[in-house]
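Everything on this sheet refers to the single structure shown next.
Numbers here are sequence positions counted from 1. We count ligands from 1, going down the list as the structure has it; atoms in each ligand are counted the same way.
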Amino acid sequence: MKRIFLIILFISCRLAYAGEGMWLPLFLKSINEAEMKSMGMKISAEDIYSINKGSLKDAVCQFGGGCTGEIISSQGLLLTNHHCGYSYIQGHSNLEHNYLKEGFWAKDKNEELPCSGLSIMLISRMEDVTSQVLQGVTPAMSESERKIQTDKNIVDIQKTIRKENYEDVFIRSFYNGNQFFAFVTVTYKDIRLVGTPPESIGKFGADTDNWIWPRHTGDFSIFRIYAGPDNLPATYSTSNKPYTPKHFLPVSMDGVAEGDFTMVFGFPGRTTEYLTEEGVRQITEEQNPVRIELRDRTLKIMDKYMRTSERTKLQYSARYASIANAWKKWIGENQGIKQTHGLEKKHEQDLEFQKRVDNNPAFAEYRNIINNLSALYKELRTFAVARDYYAEGFQRNVDLYNCYARVKKLQDVFEGRGEQAFDNQRIQMAKDAAILFKDIDLKIEKEIFASLLEKVVNGVDAPQRVPYMMDKMKLYHHDYKTYTNDLYAQSMLTNPDSLVVLNTLNHNEWLQKVKADPVWNFFEEMNYFIQYGIQKRATELEDQISTLRRIHMEALMKVFPERRFYPDANSTLRVTYGKVQGSTPRDGICYQAQTWLDGVMEKYVPGDYEFDVHPKLIRLYKARDYGDYGVDGKMPLAFIASNHTTGGNSGSPAIDANGNLIGLNFDRVWEGTMSDINYDPDLCRNIMVDARYILFIIDKFAGAGHLVAEMKLVHPKAKSKGKSKKK
Ligand code: ARG
Ligand code: GLU
């Protein structure tokens, strides 16, 4: 009895920890405001999210689809991460103006650079539309019938919901399909690059330091939103005006201290916090190991060549970084789950759930959920593992699949729109292919392909091996290298010159050549097998899992009425709050909450592509020339806090107790990356650039003080403590 009580206490405490949770702005008042105030927040829930007046939410936007940004002046000045602005900075860079290397600062608005394809989305309001979406849905419906009904309802709501003609609306499912919210949004499409530090600041530490604390990256870049004469969205035009926001964030000059309240407001992408033990096991013991192992091989091969050739490094560094980012996160995630006994915790939670359900006749319908889910996960295993092997082995890490996919797309164009469209399309594709081949080294590609092929052939369970692939292996006596060499040599798709020849043929001849091509056949056979031999059954199982996860979520909320439940991240606007706080990630290691510019100099490796330091930054450091932004002769750089963030929160504002900007979120500590599955208050920390470092770089390093002049700098601590304003 006592033990049960302790377990109950343990479970309910776990979810009451401050720090955990990505909360809906709409419900802050009812669910979170009291706690936030008890943690030190001075503003109200209405100041954060209001549809009646300008509130913090009017300063927060989704940036370029996958990141977050915030407005920091009355003239639409927009702050986000350097890694979020990266492709736009790269797009404006060339050998003459290498803005990645040198940085870029517009001296006035005329010099700001339009970024075609970039848009930002603001939220006008959100609304609970659960009852409308679920209208006509019955418990007897299968998952696909339910989906047809809810999709139809969603289309209806989108047509009838109250909105202005410049607004859009999208509807998302929350709590695994138990609730639905509509988001009325405004999207601005004229966004211009205003400033960026050089990579040696914005990407300092690059992949070696990625996910790592202590950190010294000035991961920020600055844009501006432009609007038409009515302040509404407009396509790019020189006559557009800077956007006037309903609210912008003042920037605090006072920094943070350990224990200070912080919140992060942004668009977290995806989490799975309510999995059962078996669901977590599927990720940590099946999915992650396969992905990690194949990427391990890929990265080692790339690195080997990148280290010996400057040219290779240029060709592969962007691809390397994107493969390495998730790879490193998964490794951290698995270690974190182990360290926090995540599986055991989930096991206890499942047991407690089962006990409560078994003891209450009102919950009779939930009695088999956990067991049924476990059985489904176990049956899914062989299919899910195979799918990961094929995706990682042949699609994400080598470029060969792209060679096939380009040709496949052309054939689709022919079938859908005829020979003229096919001809037009392939001219464009030939150009694209030429650009792609520029960044490909076939020697490296082949080495990766052969190495991953071996892993796939040996890792996938026998019934899930693509028969065509196995026939080839038999023919080649599992000599992966020779097979790979032949495959690349005999294909017209891997070679820019033969692609040119292919391009001269009419569709009939073209198709004959394509159909005889070994790369074409390899992937045609693979895709066919994946579709019918793997995906068909996997989809059936995953549909059943979705249904049970929805019911499980509904059950959790009824069975544990004392717990507060926040919905998993789904790329919608959320608030997370916590405190500035160091941590003790491992025995004998203590993370302090703040880093300083001194750490940049400690890490400095002259000429290194990750740890080089700009001479001007060295000069400022040596002279301690920090203007108003330093503290007692030191320059603050980054800090950590217990805010619960994930991918998509990059570029999110870190906000103090008074609603001012104190930092810019850009990462998490490695030991805490399991927070997507199992948040642990002792280990999970988000990483932010200190707002004062951003101001210092803009003003003292770049000499762009006119941008700082545009912002509203505040001294909230000086005011509250009655201290005089720092010089
Ligand atoms: N880890 C951060 C995120 O998940 C930063 C990634 C960009 N930086 C890098 N070195 N790859 O997106
Ligand atoms: N760097 C991540 C992003 O781009 C945020 C870090 C995280 O996953 O917490 O969204």
Side-chain angles (χ1 to χ4, degrees), residues 19-20 22 60-70 79-87 89-90 100 196-197 199-213 215-221 264-273 295 299 302-303 306 313 316-333 336 568-574 576 578 603 608-611 638 640-654 663-680 683-689:
E20 173 163 8
M22 300 170 172
V60 182
C61 63
Q62 191 169 49
F63 179 93
C67 281
T68 305
E70 55 277 2
L79 184 64
T80 190
N81 288 144
H82 184 269
H83 78 260
C84 295
Y86 195 90
S87 58
I89 302 166
Q90 190 174 38
L100 285 174
T196 173
E199 266 184 313
S200 60
I201 290 171
K203 205 183 163 181
F204 182 75
D207 293 308
T208 300
D209 265 11
N210 193 22
W211 301 111
I212 295 294
W213 186 257
R215 191 64 155 276
H216 301 88
T217 315
D219 195 345
F220 79 95
S221 58
V264 172
F265 207 175
F267 291 82
R270 199 180 113 84
T271 58
T272 46
E273 309 283 355
R295 289 193 182 204
L299 292 168
M302 285 185 182
D303 184 67
M306 284 164 72
K313 199 159 71 203
Y316 278 81
S317 66
R319 242 173 88 195
Y320 185 94
S322 94
I323 293 172
N325 191 39
W327 163 81
K328 201 165 176 182
K329 190 223 144 180
W330 294 323
I331 296 174
E333 183 169 86
D568 271 321
N570 59 356
S571 295
T572 59
L573 187 61
R574 303 293 179 90
T576 165
K603 288 177 177 174
D608 185 76
Y609 82 103
E610 296 188 298
F611 292 101
I640 50 176
S642 55
N643 303 297
H644 188 180
T645 54
T646 189
N649 271 123
S650 272
S652 299
L664 180 62
N665 187 74
F666 71 101
D667 213 355
R668 275 174 287 169
V669 305
W670 203 42
E671 298 82 355
T673 46
M674 74 305 192
S675 63
D676 292 348
I677 301 171
N678 175 37
Y679 181 92
D680 185 290
L683 292 173
C684 295
R685 297 289 178 272
N686 68 312
I687 306 180
M688 296 149 281
V689 199

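Contacts between W211 and ligand 2 below 4.0 angstrom, taking non-hydrogen atoms only, involve the side chain exclusively. If you look at W211 next to ligand 1, the close heavy atoms, those under 4.0 Å, all belong to the side chain.
Closest protein heavy atom to atom 6 (C) of ligand 2: D667 CA, 3.5 Å. In terms of protein heavy-atom proximity, atom 3 (C) of ligand 1 is nearest to N325 ND2, 3.6 Å. The nearest heavy-atom contact from the protein to atom 7 (C) of ligand 1 is H83 CG, 3.6 Å. In this structure, the protein non-hydrogen atom closest to atom 10 (O) of ligand 2 is G648 N, 2.6 Å. Nearest protein heavy-atom neighbour of atom 2 (C) of ligand 1: D667 OD1, 3.3 Å. In this structure, the protein non-hydrogen atom closest to atom 3 (C) of ligand 2 is S650 OG, 2.3 Å.
For H216, the ring pair (Phe, Tyr, Trp, His ring centres under 6.0 Å) test picks out no residue, with sequence neighbours left out. For Y316, there are no ring pair (Phe, Tyr, Trp, His ring centres under 6.0 Å) partners two or more places apart in sequence or in a different chain.
With R668, H83, H644 as candidates, the residue nearest to atom 9 (O) of ligand 2 on a non-hydrogen basis is R668. Counting heavy atoms only, N210 comes closest to atom 1 (N) of ligand 1 of the residues D207, I323, N210, D209.
Put simply, part of A206 is less than 4.0 Å from ligand 1, judged by heavy atoms. Remark: distances from the non-hydrogen atoms of K329 to ligand 2 are all 4.0 Å or more.
By the 3.5 Å distance cut-off applied to N or O atoms, K203 is not counted among the residues near ligand 1.
At least one donor-acceptor pair under 3.5 Å links the side chain of N643 to the backbone N or O of G578. In this structure a side-chain-to-backbone donor-acceptor pair under 3.5 Å is missing from N81 to C84. In terms of modelled atom types and a separation under 3.5 Å, the side chain of T80 and the main chain of T68 share a donor-acceptor contact. Put simply, the side chain of W211 gets close to the backbone of N325: a donor and an acceptor are under 3.5 Å apart. With hydrogens and angles disregarded, a donor-acceptor distance shorter than 3.5 Å links the side chain of Q62 to the backbone of G65.
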Would you check, one step at a time, whether the test ring pair (Phe, Tyr, Trp, His ring centres under 6.0 Å) holds for H644 with Y679? CA-CA 8 Å; H644 188 180; Y679 181 92; 4.7 Å; yes
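One finds no salt bridge joining D207 and K328 here, because no Lys/Arg side-chain nitrogen approaches an Asp/Glu carboxylate oxygen to under 4.0 Å.
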